[in-house]
Amino acid sequence: MPDAFSSPDHRPPRPHHHDTSPAHATYPWQPPPPEPPGPRLPHRRPLGRHSDLRVLRGAYRRQRRVAAFTALGYFTAFLLLSAFAPSVMTRRVPGGLPAGLLLGLLQIPVTCLAIWLYEYTARRRVDPLADRIRRQAELHAERRRRAGDPGRDPDR
């Protein structure tokens, strides 16, 4: 048998709570209430110390060294042969050219090879890493913008 309290139309009265803080400042010199903090970003390592950046720097360093040693190594070998082995440089090769002239003319294709090697390794190894890091930085900046935090990363 339903009683007065179990009927679906009956709800117990709510207790009245008095809010002691008004919606406006009581005194004109009172500072405004602080804004609630925005959503916190997940803690991530700063981008500048990221392992991908170390890998990128290493790949870029190897790329520079290989290209530089290819061009400069050949030129240094040419200079050393010219200075310390003049008999090798004056010897005639098939076709009637002196070996020194042929080696000097080969400097141009060797330099072009070094440039091609530099570009090839950049496209295959360095550029994909740089693109991935750029996308991560853009995502990180977008997350910060959406969270309402335009400032610098506090971990830096």
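Since the structure is predicted, the reported quantities are computational estimates derived from the model, not experimental observations.
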Item to complete: Name all pairs fulfilling the side-chain hydrogen bond (donor to acceptor under 3.5 Å, both in side chains) condition that reach into residues 81-102, sequence neighbours left out, sorted by first residue then second.
Response: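 Output for this query is empty, none listed.
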Residues forming a side chain to side chain donor-acceptor pair (under 3.5 Å) with [X], sequence neighbours excluded:
| X | value |
| --- | --- |
| Gln107 | Thr111 |
| Arg132 | Asp52 |
| Arg65 | none |

Enumerate, atom names and distances included, each donor-acceptor pair closer than 3.5 Å involving a side-chain atom of residues 94-101, sequence neighbours excluded.
none

Which residues pass the side-chain contact (heavy atoms from CB on, under 4.5 Å) test with [X], sequence neighbours left out?
| X | result |
| --- | --- |
| Arg62 | Ala59 |
| Ala67 | Tyr118 |
| Ala122 | Gln63, Asp127 |
| Glu142 | Arg145, Arg146 |

Worksheet item: Is the number of heavy atoms from other residues, nucleotides or ligands under 6.0 Å of Leu139 CG greater than 12?
Response: yes
Fill in: Contacts of type ring pair (Phe, Tyr, Trp, His ring centres under 6.0 Å), residue Tyr120, not counting sequence neighbours
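In terms of ring pair (Phe, Tyr, Trp, His ring centres under 6.0 Å), with neighbours along the sequence ignored, Tyr120 is linked to Trp116.
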Discussion item. Just to verify, what does Arg134 make a salt bridge (Lys or Arg N to Asp or Glu O under 4.0 Å) with, not counting sequence neighbours?
Written reply: Asp131
Practice prompt. Write out all pairs satisfying ring-ring contact (aromatic ring centres under 6.0 Å, His included) with one or both partners inside residues 68-89, taking only residues at least two apart or from two chains.
Written response: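 For residues 68-89, and leaving out neighbouring residues, there are no ring-ring contact (aromatic ring centres under 6.0 Å, His included) pairs at all.
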